[in-house]
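Heads up: the structure comes next, in structure tokens.
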Amino acid sequence: MTIDPQVIHSEPHVALGSLLQRDVSVLIDRWQRRALEEQPQARRVHQDILMDRLTNFLWELGRSLAESQEPETSTHCTTALEHGEQRWQAGWSLPEVVRDYQILRLVLLEYLDEILDRPLTSREAMAIHLALDEAIAASVGMYVSQREEALLRMERERAEQEKKREETVVVALREADYRKNEFLAVLGHELRNSLAPILNAVEVLRLAGSNEGAIQQVRDLIERQARQMARLVDDLLDLTRITLGKVELRKECLDLATAIAQAVEASGPLIQVLNHRLSIHLPTEPLWLEADRTRLVQMITNLLNNAAKYTDPGGQIWLTGERIGQEAVIRVRDTGIGIPPEMLSRIFDIFTQVDRTSGRTQGGVGIGLTLVKKLVEMHGGSVEAHSGGPGQGSEFVVRLPALPVHSSSPPSGTAVLPKAASTRHVLIIEDNPDGRETMQALLKLWGHRVEAAEDGQGGVAMALASNPQVALIDLGLPRWDGYEVAKKLRASLGQNIYLVAMTGFGQAEDRRRTLEAGFDAHLVKPVDMDELARLLTDLPQATPEQET
Ligand code: ADP
């Protein structure tokens, strides 16, 4: 027998259809219970959002059977379409959808069998199967098209995101390339700025003959320029090594004040040349950190140099170190040119300078802050910049993990600078106020009795009056230089005073000269605080007249 769906459709089954329409709620109840047992994951749909559609669907199914509708116009198929859409949205899987209709088929057949009290005829069964198959086809078709649309949408969104990501990468690469080119131009410019005077100096040397004054002047110039270039190259190499992960921190337990003192000494000449005032606030108690001394000094020096460079002469700089909770907080604030808000986070990026044309950069190429940030992060800390905007000054805040508070001694088990084992009476003769004040503060923190003079004459007078054990003497003093001061002190006090020269020059020849002039020791600036502490500890005991 040939089964033609058209023919089956054209045969109305009024009794069957009416029965379904009459007993919609009973059928839904049975369908729901059975579906709940078989597909517990999908039950939420039966229980809430699909209930109205199910009622509708079963009623329309009854109508299709009763009215011998054409397949295209079968209203139960329209409702099945809605089903498919809802089930996709509710997160059903495709097998769950199909299984749901299979459950309905079983429920229907069982129910009709039960209610008619006779077996279904084969035409009736065929009509039911056909109607349900059409519903499944409509539902599944809609479900699949929804899924395909969603997949397409996802694909489109992914492609858009990918495109955006690529665009961002391209922009970042372009930006990096631009900054690299700018950097090369600035680097070339800075190197030429140093090379040109050196070449001129060579010419002067050739012509100077035996003019000692001119030779000395030119030698100083060459040294200054060469140091500038060396600093630039060192920074560049440092940054490359840090970026490649090749820098290892040599951590030790140290007092923040000692690092601040070294940094102030290193930046002192620049601050002084630009006639800035520097106010330093150190904690009254030692603030212990586990840090690489050289790197910590480098960070603070970089920030101090920037404060000096980016502030008009005669400005004010504040340098503060304090403990806040578990952190050592270092602040460098200035009254300088300030930073525009949009640049505050970017200035830490490599090769970034706010204004390359101002001529303020003084040998910088935009890597100092990148170095600071990387070094701070290597220490487990953070750095941020604040500024009210152009002309409003700037503040850089570095936060580093501090060691727990110890009342008077450094944390045990660490190789640290001991606080002075015995108190010394020390005289500092130094014309640089920042260098003098920080060293004075530091030596006091270590427990020494300290006096300070800002020139040679004052220093000698003070020494004769108070008979100190040690004199730390800057060689480059105005009027009476350090050599002369040493000669006078030796002549008046003999071997009762220990004379220490402080100078930027550390060659063997320089050391020989200071020893010949009567100094007992020679410290190269910036003074290594460990060395100074050792020197003071190793001194012989004071004579009774020198006891404090
Ligand atoms: P450099 O000083 O060599 O240019 P840095 O990385 O140290 O490089 O600083 C980057 C830029 O940040 C500087 O060029 C300058 O524009 C800005 N900057 C840094 N410190 C300050 C400051 N204290 N005040 C104003 N601008 C600053």
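Whatever order the structure lists ligands and atoms in, that order sets their numbers, starting from 1. Nothing fancy with the numbering, it's 1 onward along the sequence.
For a threshold of 3.5 Å applied to N or O pairs, the pair formed by Thr352 and ligand 1 contains no separation below that value. Taking only nitrogen or oxygen atoms, main chain and side chain alike, Gly368 reaches within less than 3.5 Å of ligand 1.
Of the possible donor and acceptor atoms, none in the side chain of His276 sits under 3.5 Å from a partner among the backbone N and O of Gln272. The backbone N or O of Ile347 lies less than 3.5 Å from no partner atom in the side chain of Thr352, so there is not a single donor-acceptor pair.
The salt bridge (charged side-chain N to carboxylate O under 4.0 Å, His left out) check on Glu454 picks up Arg436, with sequence neighbours excluded. Residues satisfying the salt bridge (charged side-chain N to carboxylate O under 4.0 Å, His left out) criterion with Arg490, sequence neighbours excluded, are Asp520.
Per-residue contacts place Gly366 under 4.0 angstrom from the following atoms of ligand 1 (heavy atoms of the residue considered): 1 (P), 3 (O), 4 (O), 6 (O), 8 (O).
The parts of Val354 lying near ligand 1 are both backbone and side chain, judged by heavy-atom distances below 4.0 Å.
By the 4.0 Å heavy-atom criterion, Gly336 is excluded from the residues contacting ligand 1. Residue contact check for ligand 1: Phe396 places a non-hydrogen atom closer than 4.0 Å to it. Residue contact check for ligand 1: Lys309 places a non-hydrogen atom closer than 4.0 Å to it.
Arg424 is listed as a side-chain neighbour of Leu539, based on a closest heavy-atom distance under 4.5 Å.
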